Amino acid sequence: MNPLAHRPFLKMNGIGNEIVVLDLRGTGLAVRPQDARAIARGEGLAYDQLMVLGDPHQTGADAFMTIFNNDGSESASCGNGTRCVAWALTRDTDRDRLRLETSAGPLDISRNGERNFTVDMGPPRLGWRDIPLRDPVDDTRAVAVPDAPSAIQALGPFSAASMGNPHAIFWVKDVAGVDVAGLGPQLEHHPLFPARANISFAEIVSRDHIRLRVWERGAGITQACGSAACATLVCAARNGFTGRSATVSLPGGDLVITWRDDDHVLMTGDVELEFEGQFDPALFTEATV
């Protein structure tokens, strides 16, 4: 029997970003890509990200967090999922701060209310190598997509940043009219992005308001993507479209993003617990290799 059978989990969401939280601290267990894909196929378990908690590597951290997309690939960052994990670790306690480790570095989280949290996502990475892009560019504020079909060329240049995972942001006049399902997968897998990329389409409403739709790397269209909201605010501020703080409205709800003067990006938003359960052993019958 798969060792994950009967393990308890939480099904949550962060403003519509579908999240499963699996706490494996103290067990020595790990999740394989095929396990992550199997969980995503479970009834009621379709997720954007699976947040797996393991024992911390450093003193002072609460857990090491491994993040899976629903295709079994890993991500180094998920702001909405991090807030869900923070709720799971602080519920029924009076704690208002914690630290989580990821492959991209530590994340500090503060609790503002029963279901509202702020995550310090750290500084953005803005160099083309760090994002990464295939081709050298002098300025990641405006990057052309080479050898692109006409529908992509019509979008114009994109802005690029990494928040622990790669993001490309296209600036549009009406985000509701964008064919995210058609353009997103083409761009995610474009050779310009050697690690693939999260593809965002952003409409500047005002100096402190952005509307955003996201095709998420390894997950597809999502109701919300916290790291994309962070990357978009940073790129908007760099381009002079907004100030260093704005409300980012996604289909699932709003996030408040602030790019502080010390270069750290803060993300604030709500989370919701949908249900708790245990994994049915039948989920893993085909997850053998």
Side-chain angles (χ1 to χ4, degrees), residues 2-14 17-36 39-40 47-70 72-125 130 162-165 195 218 225-227 230 260 262-271 273 276-279:
N2 189 297
L4 298 178
H6 303 299
R7 292 296 308 178
F9 66 85
L10 303 178
K11 178 63 174 63
M12 302 186 68
N13 75 78
N17 195 176
E18 298 294 344
I19 303 295
V20 172
V21 178
L22 175 59
D23 190 349
L24 297 180
R25 291 176 299 170
T27 69
L29 298 177
V31 172
R32 304 169 299 170
Q34 58 265 39
D35 297 324
I39 291 168
Y47 65 79
D48 297 313
Q49 275 75 42
L50 169 67
M51 316 294 289
V52 181
L53 304 184
D55 294 325
H57 296 176
Q58 298 180 354
T59 301
D62 292 277
F64 188 93
M65 196 164 60
T66 303
I67 306 167
F68 287 92
N69 300 312
N70 57 32
S73 63
E74 290 191 31
S75 175
S77 179
C78 177
N80 289 319
T82 298
R83 295 199 319 278
C84 291
V85 168
W87 181 85
L89 295 184
T90 59
R91 66 170 174 169
D92 303 324
T93 77
D94 58 0
R95 295 189 61 191
D96 59 6
R97 293 186 180 276
L98 69 160
R99 169 169 281 202
L100 298 171
E101 298 172 302
T102 73
S103 59
L107 297 173
D108 291 312
I109 306 102
S110 57
R111 185 173 190 163
N112 308 312
E114 182 181 358
R115 297 185 185 277
N116 185 271
F117 295 82
T118 296
V119 182
D120 182 345
M121 298 288 286
R125 301 170 189 173
D130 299 322
S162 172
M163 292 301 309
N165 48 9
C225 178
S227 61
C230 293
R260 292 191 316 209
D262 67 357
D263 206 29
H264 283 233
V265 182
L266 304 185
M267 177 193 60
T268 300
D270 294 335
V271 301
L273 173 67
E276 303 182 49
Q278 296 181 348
F279 290 134

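On a predicted model such as this, the values are computed, not experimentally measured, just so you know.
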Next item on the list: Measure the spacing between CE of Met267 and CG of Asp120 and express it to the nearest 0.5 Å.
Entry: 10.0 Å
Next item on the list: Kindly say whether Arg97 contributes a backbone atom to a donor-acceptor pair with the side chain of Arg95 at under 3.5 angstrom?
Entry: yes
Notebook entry, point to check: Got a donor-acceptor contact below 3.5 angstrom from the Arg99 side chain to the Ile109 backbone?
Noted result: no
Notebook entry, point to check: Taking the side chain from Tyr47 and the backbone from Met12, do they hold a donor-acceptor pair closer than 3.5 Å?
Noted result: no
Check: Looking only at atom types and distance, does a side-chain atom of Arg83 sit under 3.5 Å from a main-chain N or O of Ala86, one as donor and one as acceptor?
Finding: no
Notebook entry, point to check: So, Arg111 side chain and Gly113 main chain: donor-acceptor pair closer than 3.5 Å or not?
Noted result: yes
Item checked: Donor-acceptor under 3.5 Å (Ser77 side chain, Met163 main chain) -> yes
Check: Roughly how far, to the nearest 0.5 Å, is SG of Cys84 from CG of Leu273?
Finding: 9.0 Å
Item checked: Asn17 side chain to Asn80 backbone, donor-acceptor under 3.5 Å -> no
Item checked: Inter-residue atom distance Ile19.CD1 - Trp87.CH2, 0.5 Å rounding -> 14.0 Å
Check: Sub-3.5 Å donor-acceptor pair from the side chain of Asn69 to the main-chain atoms of Gln49, do we have one?
Finding: no
Notebook entry, point to check: If you measure from the Lys or Arg side-chain nitrogens to the Asp or Glu carboxylate oxygens, is any gap between Arg91 and Glu276 under 4.0 Å?
Noted result: yes
